[in-house]
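One structure is given here, and the rest of the page talks about it.
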Amino acid sequence: MGITPAQLERYQREGFLVLEDFVESSTCDVLRARASELVREFDPRGTISIFSTATQNHLRDDYFLESGDKIRFFFEEDAFREDGSLKHTKECSINKIGHALHELDPVFSNFSRTPAVKQLITDLGIEEPLLLQSMYIFKQPNIGGEVTCHQDSTFLYTEPQDIAGLWFAFEDATIENGCLWAIPGGHKAGLKTRWVRRAGGMSFEVFDSSHWPEDQLVPLEVGKGSLIILNGLLPHKSLANRSSRSRHAYSLHVINGRSLYPQNNWLRRPPEMPLRGFE
Ligand code: FE2
């Protein structure tokens, strides 16, 4: 369990670390089945209407911006016809579930708080870990959308920056079905932008407007059960999935409770539901 000093050194140097076979294949299947169950129980009627007209875009944003303490379902951009109806089944149209699965769903809460995950976070030096955000990402066959190059700290900002993103592959992730790509060492260049809540909505605060050196991106192809740890400052992306295979993954972000978590971050939790660690 945990990581070796050599692995820690590599993580600090490259900004990411791949741990193969971190999750049992059968556990991946249990979590995939649970995600399917959640989607089956989800009634999309209200949400589809939100996506059907441009004038209601801010409602869609509210649906996102108020999801930090909820389990909500987000559709693939390419899931809809022009009239707003779904091209495929609901099950094949969801892009992701977020953002408090680790808090509200017992299956994902247990998985997120396994001793192996806790040990890993301890080894990374996060002294007072708080589980901030979780996402179940489907990367659907044929329509799974691209995620452009970004740093997670843009969206989940702390001072000082002390956040680890844990990305669990529940299926093989390949170039073909939209694996992660990252710029090794790119975390050392600092934070480019921050997504800030202001009166009237969200906006980007820009610290560095240069382009990402995307020619330095390398694909992180990993097998089912692998874990990729990502430094919050590491530039990474994933391409669209145009293959016939899905690419399910679960992502969990852990911050250090000793860092300042500004209240103008997008993700906020109400006083009655404070952030929790591994207890
Ligand atoms: Fe990310």
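For clarity, every value in this text was computed on a predicted model and none was experimentally measured. Counting starts at 1 for both ligands and their atoms, following the listed order.
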Quiz item: Can the ring centroids of H102 and Y250 be said to lie less than 6.0 angstrom from one another?
Solution: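 No: the rings miss the under 6.0 Å criterion.
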Quiz item: When the aromatic ring centroids of W195 and H150 are compared, is their separation below 6.0 Å?
Solution: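 No, too far apart.
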Practice problem: Can you tell me which residue pairs pass the ring pair (Phe, Tyr, Trp, His ring centres under 6.0 Å) test with a partner in residues 2-37, sequence neighbours excluded? | Solution: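 Matches after skipping sequence neighbours: none remain.
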Exercise. Give every protein N, O or S atom lying under 2.8 Å from the Fe ion (ligand 1), naming each by residue and atom.
Key: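 H150 NE2, D152 OD1, H236 NE2, with waters left out.
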Self-check item: Modelled atom types, side-chain donor and acceptor of N241 and Q140, under 3.5 Å
Solution: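 Absent: no donor and acceptor within the cut-off.
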Self-check item: Residues which pass salt bridge (charged side-chain N to carboxylate O under 4.0 Å, His left out) with E214, listed by chain and number, not counting sequence neighbours
Solution: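 With neighbours one apart ignored, the set is K237.
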Under 3.5 Å donor-acceptor pairs involving side-chain atoms of residues 180-190, not counting sequence neighbours:
from : atom 1 : to  : atom 2 : distance (Å)
H187 : NE2    : Q12 : O      : 2.8
K188 : NZ     : R13 : O      : 3.4

